[in-house]
Amino acid sequence: MKVEVQKIKVISIITPAEKNENYIDRALESMAAQTYTDFEALILHSDIDALKRAVGQRYREDARFKFIETPKDIPAGAARNIGIEAAKGEYVYFLDSDDYISDDALQMLIENMDGHPVVRGRMRRTDLDSSEIESAAEQQRVSIFHRNRYNLVRNHSALHFLISKDYIDRLGLKFAEEVQTYSDLMFIVPLLEAVEVVPFVYEAVYFRRRRNDPITHPSLRQMPIEQRMHDLFSIYNRLKQSHLSFEAEALLDTLLLNFYRKHLIVKFKDKDQIDVHFEGLQETIRKVNPSVLKTKDRVLRLDVRAIQSRSRRTFKRLSMVRDVVRDAKRGFTTRNGRKEFIYKYSYMKKALMDDLVVFESFQGKSYSDSPKYIYQQMLKSRSGYNYVWVMNKKQKIPGNPMTVKRFSLKYYYYMARAKYIVSNVRMPNSYIKREGQKYLQTWHGTPLKRLAGDMDDVHMPGTNAARYKKNFSKETDKWDYLIAPNPYSSAIFKRAFWFNNTMLETGYPRNDILTNDNNPVIIQDIKEKLNLPLDKKVILYAPTWRDDEYYKVGKYKFSLQLDLERLKERFGDDYIILLRMHYVVASKMNLTGLEGFAYDVSKYDDVSELYLASDMLITDYSSVFFDYANLRRPILFFTYDIEKYREQLRGFYIDMETELPGPLLMTNDAVIDAIENIDQIEEKYRERYEEFYARFCSWDDGRASEKVVEAVFKE
Ligand code: C2G
């Protein structure tokens with residue numbers, strides 16, 4: 001028979017909600033769904049009205065949900081303390097507002113307390129958009145382990161412990177209030193010191209959601225290293241003052257040493273940082289228990305002993321030697337390591353060359369895009385500069401600049417020595433921006449798909465949203481200049497790239513030729529260069545890539561949905577079609593049987609020239625249409641997978657249904673019909689096209705290259 005007495009005990013769930021209005025629904029939902037219903041949920045926030053507006057009505061009406069006002073901008077630990085003060089329950093439980101728990105979590109915990117003052121369940125990490133549920137009922141097994149109690153807090157968190165309120169009061173447990181992070185240690189270490197065992201309930205699951213925006217909305221673990229270091233040192237020193245068990249010391253020392261190994265070694269690559277932090281680190285690390293230190297690996301031990309006993313200057317020297325050894329080791333073991341070593345220790349030590357400009361377009365894949373037009377403008381209007389182009393294939397470039405292959409030794413040499421770097425995509429992580437170097441980022445399109453900081457989820461291989469954004473912001477920090485093609489992009493770039501340097505609001509250099517060279521002679525030239533028939537009209541098909549369809553990192557698949565046979569049959573007498581895949585697409589196209597009608601121009605360097613040579617564009621979610629609209633020629637959107645693309649992959653900045661200068665077409669029938677009736681379509685979309693043009697093309701006046709060169713390169 002089940003014992004009923006436990007059922008009357010109330011659990012106080014304490015949930016600080018500051019800045020988490022957007023995430024809290026999932027937490028509330030999981031509280032409401034608890035099979036153990038005797039709880040009060042104490043939701044803490046500095047603006048109760050705003051919070052109430054953000055949550056569903058059912059929580060406002062359910063008396064178990066209590067909204068408690070806190071002072072503004074207090075750390076989460078202080079908010080939890082207010083929660084503890086207000087708690088009326090026999091038990092206290094901490095659930096964060098961006099996480100959630102399994103439906104029977106509270107029940108499993110309380111039923112398995114077994115007379116102990118504290119019990120803990122299992123933690124699982126999931127993504128922010130995850131709706132995974134795991135409940136004991138599904139698992140059909142019940143287990144309680146009595147574990148080494150300190151194994152339960154390796155993530156130093158008080159979450160998912162169910163604790164007797166009486167016990168908390170008796171021990172006077174409080175979270176640290178003077179810190180943002182690590183405040184849980186102050187609560188949890190004394191608690192664990194006071195108990196012998198903590199039952200562990202495998203079936204009670206706490207889902208810890210991984211935040212996807214470490215730059216503007218960091219979770220506590222994503223806070224800046226400086227903050228976390230200050231907090232960890234402060235809590236560590238406070239706790240070390242009391243008499244602790246060996247297990248507690250091992251927990252704290254290991255936390256400190258891991259922090260050093262994971263974050264400070266990297267930080268100390270910049271030797272000035274040693275000057276800033278050495279004293280505090282030395283004072284703290286001297287408190288590490290020698291028996292704990294003995295259990296760590298040799299390299300770490302040597303480092304720690306040096307910090308403990310040497311002067312700052314000696315440690316700095318040792319640290320320099322350590323860096324060289326580490327980089328040299330990489331030099332022997334990784335493909336580019338040797339070159340990066342020479343780059344860092346030799347080339348970077350040589351003086352910058354003030355007259356040298358390195359250009360790169362699409363990672364050295366082509367001589368194209370805005371870097372090409374900026375370069376051509378420099379040839380015309382500047383003297384005294386030397387140029388290097390990053391080109392992966394051998395190719396003759398006007399002006400005969402030096403060309404280097406990406407990641408070759410020469411490439412590293414010029415990346416180290418050039419005063420100016422011009423690129424339209426991100427640089428590799430190994431690129432180190434030098435003091436005095438100027439990095440002009442041209443970017444490569446008006447954004448339709450959500451960019452960097454504006455992306456919720458990332459579906460590209462080998463990364464997640466948090467890592468992606470962190471890397472991305474490291475890159476954008478290096479940009480001195482960024483080109484905006486229109487006011488709309490300028491606003492988005494500032495936000496999504498966290499960009500505060502010089503925005504060149506000039507329009508796109510790559511679009512200059514759409515204004516200046518839009519004439520029959522040049523168009524015929526381009527067609528001849530491409531060996532195209534001169535008596536046919538030209539359709540350009542230029543779709544973008546799909547984040548989730550790939551062979552491996554950087555090599556994407558594209559499966560052609562356009563029915564070329566039908567198009568040829570219907571329009572072959574009057575039209576030809578140019579197929580232009582995005583530069584990350586690696587799929588090959590098979591055009592047998594379509595000779596004289598379909599041409600693969602994916603390898604052609606400059607898409608702007610293809611725009612000029614075509615009479616009509618078919619695209620999808622590619623930024624090409626923003627540029628193409630400069631020509632005021634018809635645009636069709638073949639958007640057969642718009643639902644997936646919009647909902648799952650990226651999300652759009654503009655409303656595709658109402659703001660585009662042409663129709664969305666879902667089938668080949670619709671495409672054929674649209675080409676057939678292209679005149680009516682032009683007529684129908686005339687007004688919208690004009691609005692679109694005014695919004696996105698008005699800065700493109702044919703002089704963008706000139707303005708950019710003017711702004712960045714002295715005469
Ligand atoms: N491009 C091209 N051929 C294609 C698609 C794109 O030559 N079939 C070129 C165009 O210059 C285009 C640029 O690559 O403007 C960027 O391509 P998008 O399809 O827009 O995609 P993406 O590389 O993801 O960049 O802010 C812009 C976005 O980041 C988009």
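Each ligand, and each atom within it, is numbered from 1 in the order the structure gives. Just the heavy atoms: all of them, side chains too, but no hydrogens, waters or symmetry mates, feed the values below.
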Participant: Does a salt bridge link E676 with R570, judged by any charged N lying under 4.0 Å from a carboxylate O?
Facilitator: yes

Participant: Do R209 and Y23 form a cation-pi contact, if we require the NZ or CZ to be under 6.0 Å from the six-membered ring centre and within 45 degrees of the ring's axis?
Facilitator: no

Participant: What do you reckon, does F362 put a non-hydrogen atom under 4.0 Å from ligand 1?
Facilitator: yes

Participant: Taking only heavy atoms of V607 into account, list the atoms of ligand 1 that are under 4.0 Å away from them.
Facilitator: 7 (O), 11 (O)

Participant: Can you sort out which atoms of ligand 1 are near A542, meaning under 4.0 Å from one of its heavy atoms?
Facilitator: 8 (N)

Participant: Does H444 reach ligand 1 with a nitrogen or oxygen that is under 3.5 Å from one of the ligand's nitrogen or oxygen atoms?
Facilitator: yes

Participant: Which ligand 1 atoms are under 4.0 Å away from a heavy-atom of W443?
Facilitator: 26 (O), 27 (C), 29 (O)

Participant: How about NZ on K410, more than 12 heavy atoms from neighbouring residues, nucleotides or ligands closer than 6.0 Å, or not?
Facilitator: no

Participant: I'd like to check which ligand 1 atoms, numbered from 1 as shown, lie under 4.0 Å from a non-hydrogen atom of R510.
Facilitator: 11 (O), 15 (O)

Participant: Could you tell me whether R688 and E691 have a side-chain N and a carboxylate O separated by less than 4.0 Å?
Facilitator: no

Participant: Below 4.0 angstrom from a heavy atom of T544, which ligand 1 atoms are there? Numbered from 1 as shown, please.
Facilitator: 18 (P), 19 (O), 21 (O)

Participant: Please identify which atoms of ligand 1 are closer than 4.0 Å to at least one heavy atom of G445.
Facilitator: 26 (O), 27 (C)

Participant: Using the six-membered ring of Y508, assess whether NZ or CZ of R510 lies under 6.0 Å from its centre and within 45 degrees of the ring axis.
Facilitator: yes

Participant: If the condition is salt bridge (Lys or Arg N to Asp or Glu O under 4.0 Å), which residues does D512 pass it with, not counting sequence neighbours?
Facilitator: none

Participant: Does ligand 1 have a heavy atom under 4.0 Å from the side chain of L451, from its backbone, from both, or from neither?
Facilitator: side chain

Participant: For ligand 1, indicate whether the residue Y621 contacts it via side chain, backbone, both or neither (heavy-atom separation under 4.0 Å).
Facilitator: neither

Participant: Could you give the side-chain donor-acceptor pairs of residues 659-673 under 3.5 Å, partners two or more places apart or in another chain?
Facilitator:
residue: E659; atom: OE1; partner: R695; partner atom: NH1; Å: 2.7
residue: E659; atom: OE2; partner: D655; partner atom: N; Å: 2.7
residue: T667; atom: OG1; partner: A670; partner atom: N; Å: 3.1
residue: N668; atom: OD1; partner: D563; partner atom: N; Å: 2.8
residue: N668; atom: ND2; partner: Q561; partner atom: O; Å: 2.9
residue: D669; atom: OD1; partner: R566; partner atom: NH1; Å: 3.0
residue: D669; atom: OD1; partner: R566; partner atom: NH2; Å: 2.6
residue: D673; atom: OD1; partner: N677; partner atom: ND2; Å: 3.4

Participant: Tell me the contacting part of K449 for ligand 1: side chain, backbone, both, or neither, using a 4.0 Å heavy-atom threshold, strictly below.
Facilitator: side chain

Participant: Should K419 and D355 count as an ion pair when the cut-off is N to O under 4.0 Å?
Facilitator: no

Participant: Identify whether the distance between the nearest side-chain nitrogen and carboxylate oxygen of E682 and R633 falls below 4.0 Å.
Facilitator: no

Participant: Going by the order shown, which atoms of ligand 1 are within less than 4.0 Å of some heavy atom of P447?
Facilitator: 26 (O)

Participant: Considering only heavy atoms of S623, which atoms of ligand 1 have at least one such atom less than 4.0 Å away?
Facilitator: 12 (C), 15 (O), 16 (C), 17 (O), 18 (P), 19 (O), 20 (O)

